[in-house]
There are 2 protein chains.
Amino acid sequence: MPSPDVSPAAHLIAASGGRVTRTRIAVLEILQDSPRSLNHDDIAAQLAADGMPHDRVTLYRTLDWLVEQGLAHRVIGPDRARRFKAGGETRSQHAHFHCDRCGHVLCLESIRPEEQFTLPAGFEPDRAELVFHGTCADCGRQRGAKA
Amino acid sequence: MPSPDVSPAAHLIAASGGRVTRTRIAVLEILQDSPRSLNHDDIAAQLAADGMPHDRVTLYRTLDWLVEQGLAHRVIGPDRARRFKAGGETRSQHAHFHCDRCGHVLCLESIRPEEQFTLPAGFEPDRAELVFHGTCADCGRQRGAKA
DNA sequence: CGGCTAATGCTACAATGTTGCATTAGCCAA
DNA sequence: TTGGCTAATGCAACATTGTAGCATTAGCCG
């Protein structure tokens, strides 16, 4: 019997019916530890920093799998690169904020576009993506001293 | 002296201070004639159908130039490919609708996300992107007969 | 018409993501 | 614990979308 000190990430992965591998655990933990969404480079760099050798393709497939299992979700950035974040929040219709200064993408859980709009007749939306661009709270605080 | 039957597209291009070339006129007219946004393939196919030989890179540069001049605007699709549409509407903050059936992207001029939301303290948005996903009016009409 | 140079077209390259296949390693049962 | 099945990995090659450099073509203007 395994000791109970396996990470929550490992539990989630096991509960999804997939095999619990080093890569999946490491990637999911990286996503869970980050307050913002990460792209492939971010994650690859973190894996490297953790001394985890890995393959580019495996990372793509691992992330796809996590999204498929609802353990992570994807945001498509303005640089047309995908960013990932832990939690299967895709279907909970919250907005995102992309900061033009630091480049980070943050979730705005309180804002839900679906509830706010009435579309023209005939349109049947089943989800909505709302992304704000501008200066985030962190960068805004620094601005007084800087600009 | 040129006859007055030059296209409106040619006038717009001339007014922007750039040279009036076959490619620019053709691309701008294609965008103007389309009710939906087009990606590079769409435009290249249309140019080919019009018997206009052209280069892939030139098309990219032509589109960039049109956007720069405010004669067209860009939408970034979920397939992380750029789509273009005539008119410099980028800064008028309207929403878009991506149809999951036909793949087309339409503008919803009546919906302006900026006016609807209050962000958490500290966030300073200067623009917003709102994209709905679902079934568009056209595909919805066909659905009764189909599904 | 002639010349200046913006625009084009070609080739090569960059970034992001995908496919195929041989090898490794999780998981389960004996 | 061990052995075997097969999911997951790692590698190489490829696909798509977009850029950069540079020689050539063709708008524009005098």
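Nearest-nucleotide positions on DNA chain D place B:H40 closer to the 5' end than the other of B:G18 and B:H40. Checking B:D41 against A:V57, the closest nucleotide of DNA chain D that is more toward the 5' end is the one next to A:V57.
Rounded to a whole Å, the CG atom of A:D55 is 14 Å from the P atom of C:dT18. Remark: P of C:dA7 and CZ of B:R19 are 6 Å apart, rounded to the nearest angstrom. The nearest whole Å value for the distance from the CZ atom in B:R74 to the P atom in D:dG18 is 9 Å. For A:D64 and C:dG17, the CG to P distance is 9 Å, given to the nearest whole Å. When the P atom of D:dT25 is taken as reference, atom CZ of B:R22 falls 14 Å away, rounded to whole Å. Atom CH2 in A:W65 sits about 9 Å away from atom P in D:dT9, given to the nearest Å. Note: CD1 (A:I13) to P (D:dT9) measures 10 Å, nearest angstrom. Between A:H54 atom NE2 and D:dC11 atom C1' there is a gap of 14 Å when expressed in whole angstrom units.
For A:R80, no side-chain nitrogen or oxygen approaches OP1 or OP2 of D:dT19 to under 4.0 Å. Contact check, A:T62 against D:dT9: a side-chain N or O comes under 4.0 Å of OP1 or OP2. Residue A:R82 has a polar side-chain atom (N or O) positioned under 4.0 Å from OP1 or OP2 of C:dT18.
Classified by interplanar angle (parallel below 30°, tilted 30° to 60°, perpendicular above 60°), the ring pair A:H73/A:H96 is tilted. Aromatic ring orientation, B:H98 versus B:H133: tilted (interplanar angle from 30° to 60°).
Residue contacts shown for B:R56 include a base, since a base heavy atom lies under 4.0 Å away. Note on B:T21: only backbone sugar-phosphate atoms sit closer than 4.0 angstrom, heavy atoms only; bases stay farther off.
Out of C:dC21, C:dT8, D:dT17, the shortest distance to the side chain of B:A81 is found at D:dT17. Closest to the side chain of B:R24, from the set D:dT9, C:dT8, D:dC11, is C:dT8.
Looking only at side-chain heavy atoms (C-beta outward), B:M52 and B:R22 come within less than 4.5 Å of each other.
Side-chain N or O atoms of A:T62 include one that pairs as donor or acceptor with a backbone N or O of A:T58 at under 3.5 Å.
Of the charged side-chain nitrogens involved, at least one lies within less than 4.0 Å of a carboxylate oxygen, so that B:R74 and B:D64 count as a salt-bridged pair.
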